[in-house]
Amino acid sequence: MTAPDESVVHGSKAKAVPKDLPALDRLLRDCAPLLAEHGHTLVAREARALLDGLRQRAIAGTLAQAELSALPQTLAARVQARLQPRLRAVLNLTGTVIHTNLGRALLADAALQQVMALMASPNNLEFDLDAGARGDRDELIEALLCELTGAEAATVVNNNAAAVLLGIAALAGGREAIVSRGELVEIGGHFRMPDVMSAAGATLVEVGTTNRTHPRDYEQAITPRTGLIVKVHTSNYQVQGFTAAVDEATLAPIAHAAGLPLMSDLGSGALVDLSRWGLPAEPLPQAMLAAGCDVVTFSGDKLLGGPQAGLIVGSKAAVGRIRKFPMKRALRLSKLPLAALEATLRLYLRPERLVQDLPTLCLLTRPQEQIAQLAQRLLPDVSAAVAPRFSVETVALQSQIGSGSLPVERLPSAGLAITAVDGRGRTLEALAAALRGLPRPVIGRIHEDRLLLDLRCLDEPALLSSQLPSLREALA
Ligand SMILES: *Cc1c(COP(=O)(O)O)cnc(C)c1O
């Protein structure tokens, strides 16, 4: 078979056979610094996997001798790769600001600092520093949430889906819950209102029709078996045309006359009126409470701009029942998001500064002109990186708020549109893949044979431009 001197003669093209591979022990002996740094377990596991892979290829006759010359380096790269987290920072150039698949709201500095400061240290999560006795984690933010929303009581859980599930289970478990047919929403994944009802142990009673529901529909559906009336904000779609819905202010007296609580799932729920920054208005929890709702639930990581959390605000009686319900313990918020949530909520004490303090709000209010200037600035370098197979131009775009907020509203934006010169869709897919393969993956969107990069959420342009040489290499 292949003698060592032949591989020299044939240079890098010569094929290796299995017996050319070093034994595991030999390879490990050549990797002493790697072993010293990372220990035997990881290095040996990766070495074995590396040699197995090479052996398969040697048997198949596809392994070049040259590949065996730098095995310690190959192994070191493999070990490094194994230590890289798979959850990574990416550049969201999709045009959807609060993107559920890309981690939703960005945390404010204040929230990040609070997490960093607290998580490696013991803290008073459930310890009352005044009394020197056991405390309640909800109390850390209850007063703040009540101040911001006008609620009597508040509690928090893992996310808004959990808040809805818990609210229905605690207030309507074993009984009937009335919902308008126009509000039987699917939020995404497997979160559909009818399924949530049954998971919560409540019997769904649908009233009205898809497009129209009237006060009498609710009144006629109330029986001694009814436990709750639920309003759901149709956050990811709109019913237009011949429509009628019963608002909370009309529904609250109907519920209360029958001795029933009214719960409203707001979805996003902004804590401040977004129209003061020229953004479309989104229903406020404080307005829902003022309209007579007993419980309002909303997300922490949508328009609020905080960590994943489900916020529950309302009357002492209703929130008290929710807090005492056993499922609450299973859905409670952990100290990590709680720290971030408290810091985020405190930013709302200074609403005048919110645009500076909350990254998500900053991105949502970014002027189109500023984004267009950025597109203009990046155009020459991006063009050079993708030439000659692709051509690039600046374009006006429409960003979306995302996460089911204000589904039909668009924010005027700008960015780059990349077209394949040969006009084939597959080429564009390859470019999108190359962008996703960068050290800081770049996520755009393909629309009508163009790859669009909406620059609204690119707050550090260097994160894109510094990667363009790697993109050019990947496309070469
Ligand atoms: C987003 C949303 C939910 C789910 O909230 P999460 O925080 O994602 O769990 C529930 N209801 C409505 C109306 C929503 O928009």
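Just so you know, ligand 1 is whichever comes first in the structure, and atom 1 is the first atom listed for that ligand.
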Sequence-distant partners of Arg225, side chain to side chain donor-acceptor pair (under 3.5 Å), two or more places apart: Glu176
Residue from Lys316, His256, Arg321 passing side chain to side chain donor-acceptor pair (under 3.5 Å) with Asp294: His256
Ligand-side contact atoms (ligand 1) for residue partner [X], heavy atom cut-off under 4.0 Å:
{"X": "His233", "value": "13 (C)"}
{"X": "Arg104", "value": "6 (P), 7 (O), 8 (O)"}
{"X": "Ser299", "value": "5 (O), 6 (P), 7 (O)"}
{"X": "Lys302", "value": "1 (C), 2 (C), 3 (C), 5 (O), 14 (C), 15 (O)"}
{"X": "Asn159", "value": "7 (O), 9 (O)"}

Heavy-atom nearest neighbour of atom 5 (O) of ligand 1 within options Asn160, Val196, Asn158: Asn160
To the nearest 0.5 Å, how far apart are CZ in Arg456 and OG in Ser399? 4.0 Å
Looking only at N/O atoms, are Ala161 and ligand 1 under 3.5 Å apart anywhere? yes
Are any of the N/O atoms on Asp301, whether in the backbone or the side chain, positioned under 3.5 angstrom from an N/O atom of ligand 1? no
Asp265 and Thr297: side chain donor to acceptor below 3.5 Å: yes
Donor + acceptor pair across side chains of Ser465, Asp381 (<3.5 Å): no
Close approach of Val185 to ligand 1, heavy atoms, under 4.0 angstrom: no
Pairs where residues 196-206 contributes a residue and the test side chain to side chain donor-acceptor pair (under 3.5 Å) is met, not counting sequence neighbours: Arg181-Glu206
Are Asn160 and Asp301 close enough, and set up right, to give a side-chain contact (heavy atoms from CB on, under 4.5 Å), and what steps lead you there? CA-CA 9 Å; Asn160 187 38; Asp301 56 354; over 6 Å; no
